[in-house]
Trainee: 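Before anything else, here's the structure in question.
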Amino acid sequence: MNRFLIIPVLLIVALINAPKSMAEPLVLGWADLEPKLFFGQRMKLPKSRSVLGTPTAEDFQVTKSELKEFLGEIEFMKDMQPQGARLVGKLNGKKVRIPGYVTPVGFDGEDVTQFLLVPFLGACIHVPPPPANQIIYVKNAKGLKLEQIWEPVWITGILETKSVSTVLADVGYSMAQAVVEPFAAYPENVKQAH
């Protein structure tokens, strides 16, 4: 084989076998997380049904009675979440980028370490949660401060059709680790789903 052909062949093989983390993310909008015409993967919550993000009285520096009242209000809101959401299975394992708002469910001091990415501000707290296929649970977030949760953000990471139950909502999608950045308009020259 000609040595001038070996280098391009090796480059093509390297690109094909490149890890997902090196690939350009697929930019999604919230409609991309809903399957068309009620097709799609059924959402499966773990059988153990452990609920993530349940606070303690010490977390909020309130009495146990005040915490019980707060959790009752949250449960009332969660009970109004639409049921029967289906997921877009072909997005499982894809590197994606999506804008949204942060609803915290885990803290380390002033840092938000776990959150729900939702399509609008106040979802799951001030109004009932959207359907589970309109929420992404993000764990192991880094660098997100509590005071930043009122502003929209971009998250980038590997999306999984892994459903979880949190104190605020049942969630259809998960992201184990995400890069969190301030929101800006869709970047140019980025591949979008549609």
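Just so it is clear, the values below take in all heavy atoms, side chains as well, and ignore hydrogens, waters and symmetry mates.
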Trainee: Could you check if a side-chain atom of D111 sits within less than 4.5 angstrom of a side-chain atom of K145, using non-hydrogen atoms only?
Mentor: yes
Trainee: Side chains of E110 and L146: does their closest heavy-atom pair fall under 4.5 Å?
Mentor: yes
Trainee: Can you tell me how far CD1 of I74 sits from CG of D79, rounded to the nearest 0.5 angstrom?
Mentor: 11.5 Å
Trainee: I'd like to check M175 versus E160 (side-chain heavy atoms, cut-off strictly below 4.5 Å). Are they in contact?
Mentor: no
Trainee: Would you give the length of the straight line joining atom CZ of F120 to atom CD of Q134, rounded to the nearest 0.5 angstrom?
Mentor: 9.0 Å
Trainee: Tell me whether E34 contacts the main-chain N or O of D32 through its side chain, where contact means a donor paired with an acceptor under 3.5 Å.
Mentor: no
Trainee: Where the side chain of T113 meets the backbone of G106, is there a donor-acceptor pair that is under 3.5 Å apart?
Mentor: yes
Trainee: Roughly how far apart are Q41 CD and S163 OG, rounded to 0.5 Å?
Mentor: 7.5 Å
Trainee: In the structure I gave you, are the side-chain heavy atoms of P130 and I135 within less than 4.5 Å of one another anywhere?
Mentor: yes
Trainee: On a heavy-atom basis, which atom in L91 and which in L26 lie closest, and how many Å separate them?
Mentor: CD2-CD2, 4.3 Å
Trainee: Counting C-beta onward and ignoring hydrogens, is there a side-chain heavy-atom pair between F183 and E151 closer than 4.5 Å?
Mentor: no
Trainee: Going only through I, L, V, M, F, W and Y residues with side-chain contacts under 4.5 Å, is there a path from Y101 to W150?
Mentor: yes
Trainee: Do you know which two heavy atoms are closest between T156 and E181, and how far apart they sit?
Mentor: OG1-OE1, 4.1 Å
Trainee: With heavy-atom distances below 4.5 Å as the criterion, would you say the side chains of V105 and L52 are in contact?
Mentor: no
Trainee: Got a second to check how far E73's CD is from M77's CE, nearest 0.5 Å?
Mentor: 9.0 Å
Trainee: Would you please test F70 and E66 for side-chain contact (heavy atoms from CB on, under 4.5 Å) and show each step?
Mentor: CA-CA 6 Å; F70 171 74; E66 290 169 324; over 6 Å; no
Trainee: Using a 4.5 Å cut-off on heavy atoms from C-beta on, say whether the side chain of L117 contacts that of W30.
Mentor: yes
Trainee: Which is it for L121 and H126 under the side-chain contact (heavy atoms from CB on, under 4.5 Å) test, yes or no, and what are the steps along the way?
Mentor: CA-CA 9 Å; L121 187 60; H126 301 297; over 6 Å; no
Trainee: Which atoms form the tightest heavy-atom contact between A132 and A85, and what is the distance?
Mentor: N-CB, 3.9 Å
Trainee: Might you point out which heavy atoms bring T103 and A123 nearest each other, and give the distance in Å?
Mentor: OG1-O, 3.2 Å
Trainee: I155 pairs by side chain to side chain contact (heavy atoms under 4.5 Å, CB included) with which of V179, V102, V96, V138?
Mentor: V138
Trainee: Any side-chain heavy-atom pair from F115 and I149 closer than 4.5 angstrom?
Mentor: no
Trainee: Can you tell me how far apart CZ (R86) and CZ (R42) are? Round to the nearest 0.5 Å.
Mentor: 4.0 Å
Trainee: Of the non-hydrogen atoms in T161 and G89, which two are nearest, and what is the gap between them?
Mentor: CG2-CA, 4.2 Å
Trainee: So if you build clusters from Ile, Leu, Val, Met, Phe, Trp, Tyr with side-chain heavy-atom gaps below 4.5 Å, do I136 and V127 land together?
Mentor: no
Trainee: On a heavy-atom basis, which atom in L168 and which in P104 lie closest, and how many Å separate them?
Mentor: CD1-O, 4.0 Å
Trainee: Without swapping roles, check the side chain of Y137 against the backbone of T166 for a donor-acceptor pair under 3.5 Å.
Mentor: no
Trainee: To the nearest 0.5 Å, tell me how far K162 NZ sits from L87 CG.
Mentor: 13.5 Å
